[in-house]
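In what follows, chains carry the letters A, B, and so on, assigned in the order in which the sequence lines appear, proteins first and then strands, with residues in each chain numbered from 1.
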2 protein chains.
Amino acid sequence: MLTFERHQAILARLNEVKVVKLSELVDVTGASESTIRRDLTDLEQQNKIKRVHGGASLVTRRKDEPSLLEKSTKYAEEKQRIAKEAARLVRDGDTIYIDAGSTTQAMIPFLRDKDIIVVTNGLNIITDLVDANLKTYVLGGYVKTGTRAFVGAGALQSIQSYQFDIAFLGTNGVDEEVGFSTPDPEEALIKQHAIHRSTQTYVLADHTKLGDVTFSKVADLHEAALITSEKANHDMIEQLEKQTTVKVVAGS
Amino acid sequence: MLTFERHQAILARLNEVKVVKLSELVDVTGASESTIRRDLTDLEQQNKIKRVHGGASLVTRRKDEPSLLEKSTKYAEEKQRIAKEAARLVRDGDTIYIDAGSTTQAMIPFLRDKDIIVVTNGLNIITDLVDANLKTYVLGGYVKTGTRAFVGAGALQSIQSYQFDIAFLGTNGVDEEVGFSTPDPEEALIKQHAIHRSTQTYVLADHTKLGDVTFSKVADLHEAALITSEKANHDMIEQLEKQTTVKVVAGS
DNA sequence: TTCAAAATCAATCATTTTCATTCAAAAACA
DNA sequence: TGTTTTTGAATGAAAATGATTGATTTTGAA
């Protein structure tokens with residue numbers, strides 16, 4: 001058996017089993033223990049496998065987890081909990097829209113490996129989606145400096161091609177009277193279209209957003225359900241519940 | 001047994017087994033070991049097989065796209081020089097298309113702060129463009145795992161909206177007969193449209209691509225100009241010049 | 001926990017296989 | 001005929017392999 005063939009056999013077997021004992025590999029390939037050891041060393045140097053005592057496992061091509069510091073600042077605990085709750089709503093077979101934004105981005109780890117199609121307009125979101133092994137589609141358009149969301153005529157045209165089971169949106173303001181709002185009119189426009197092309201819409205907002213109003217109105221409260229956290233003012237939540245469904249996730 | 005026949009026999013056998021022991025080949029063809037070795041050397045030079053210790057395997061024209069990391073580190077210097085030459089062609093006020101790919105990506109630092117509009121279908125390219133302070137537009141579409149290019153119906157629809165002064169494309173193969181080619185038909189389709197929507201087209205290719213043929217044809221040689229480097233075989237360049245404009249950038 | 005047996009490991013060496021190079025014989029060619 | 005190309009055998013170098021050694025790690029029983 002050729003070196004190349006053996007390497008293939010080893011990798012194939014690892015693909016099935018994730019971790020295999022050395023003795024099994026010896027059986028499968030019919031090579032001596034020494035040879036297998038050398039093979040494993042080779043493959044490890046090629047960064048294809050990770051050796052463990054007695055065997056080996058395939059290295060997952062995922063990007064390294066962001067550092068803890070990054071995580072804690074980027075996705076505060078509250079966002080994590082809200083994102084997790086949102087992700088629970090997604091079922092295999094769904095086609096969903098994930099809006100640009102850090103809270104919606106926090107959903108992605110909870111969606112890993114699901115059999116879903118995801119559409120997004122957020123540059124930072126794309127990489128995470130692909131790394132999470134999800135079928136990923138992107139709106140085209142102009143890349144906004146700052147949030148790096150795709151907006152404008154291109155994005156508008158793109159979104160018309162899709163229908164979503166659920167849209168998950170971020171927001172900068174949730175107000176009883178004004179409804180959902182965001183600073184940039186261009187982004188607001190995309191969000192509006194996402195709502196209209198989707199069977200259900202959930203807006204993810206941590207407690208700091210409640211009561212705020214920003215420049216561009218996205219939608220009335222009744223047009224989307226809201227997911228927020230216990231940290232929010234309870235009177236505020238009661239008020240909002242008159243106009244929309246509110247999911248409140250447990251505090252820390 | 002004729003040389004040609006032997007070559008065919010070898011290739012046929014490789015087709016079946018992917019990798020064969022040299023001794024087996026000797027049995028099959030009835031030629032001496034030396035002859036087989038010479039045959040294998042020939043076939044490898046013709047780029048038809050890849051030799052490994054103890055045998056050989058057929059080169060596949062389909063998958064086998066090197067990872068992004070590999071791409072970006074390999075022949076970095078040469079790509080830099082080619083990219084710089086390409087960037088020199090861009091004038092203020094231009095609208096250009098920059099194809100997904102590591103060589104085209106290398107152009108971006110040389111375009112910094114220019115007053116141009118850039119359209120791309122490469123995920124990794126977007127961030128660089130925005131960071132280089134360029135007005136950036138993105139095609140939508142499906143995100144290919146691997147190269148992370150945007151392809152498919154969405155990308156196709158998006159690209160129809162634009163007209164370019166210059167399109168800069170990468171490629172995996174440049175061949176006198178076949179022309180420009182790339183492994184993925186979906187990407188090839190986008191490239192074709194880019195060419196047709198653009199006043200001028202330049203294909204950027206380091207010397208390793210010349211003479212190669214991959215699965216999907218993108219265009220004939222005369223449909224685009226070529227930028228490559230002095231490392232390329234000079235006879236090859238002469239041949240190519242019969243069908244297209246070739247810019248050759250200085251060696252290291 | 002501690003200890004000893006078992007398993008696994010890296011390192012080394014002798015053997016086998018494969019390789020490129022060389023050279024002379026055979027074949028093809030003109 | 002003489003010349004060129006192809007072939008096969010021989011050589012030593014290089015690479016791959018399998019067995020052995022003793023060190024290290026894991027396991028399981030006390």
Between the protein and nucleotides 9-12 of chain C, list the N/O to N/O atom pairs that are separated by less than 3.5 angstrom.
residue	atom	partner	partner atom	Å
dC9(C)	OP1	Val52(A)	O	3.3
dC9(C)	OP1	Gly54(A)	N	2.4
dC9(C)	OP2	Arg37(A)	NH1	2.6
dC9(C)	O5'	Arg37(A)	NH1	3.1

The bend of the helix from dT1(C)-dA30(D) to dA30(C)-dT1(D), taken between the axes of its five terminal pairs at each end and rounded to 10°, is 40°

So salt bridge (Lys or Arg N to Asp or Glu O under 4.0 Å) across residues 90-103 of chain A, not counting sequence neighbours, yields Asp99(A)-Lys191(A)

Asn133(A) meets the side chain to side chain contact (heavy atoms under 4.5 Å, CB included) criterion, sequence neighbours left out, with Asp113(A)

Establish, with yes or no, whether the OP1 or OP2 oxygen of dT17(D) is under 4.0 angstrom from a side-chain nitrogen or oxygen of Ser32(A).
no

Across all chains, not counting sequence neighbours, the side chain to side chain contact (heavy atoms under 4.5 Å, CB included) partners of Ser57(A) are Val19(A), Lys50(A)

Ile36(B) CD1 to dG8(D) P, in whole Å, measures 9 Å

Applied to residues 82-122 of chain A, the ring pair (Phe, Tyr, Trp, His ring centres under 6.0 Å) test, sequence neighbours excluded, yields Tyr97(A)-Phe164(A)

Across all chains, not counting sequence neighbours, the side-chain hydrogen bond (donor to acceptor under 3.5 Å, both in side chains) partners of Thr95(A) are none

Minimal heavy-atom distance between His7(A) and Asp39(A), with the atoms involved, is NE2-OD1, 3.2 Å

Taken in chain and number order and not counting sequence neighbours, the residues that satisfy salt bridge (Lys or Arg N to Asp or Glu O under 4.0 Å) with Asp206(A) are Lys209(A)

So ring pair (Phe, Tyr, Trp, His ring centres under 6.0 Å) across residues 170-195 of chain B, not counting sequence neighbours, yields none

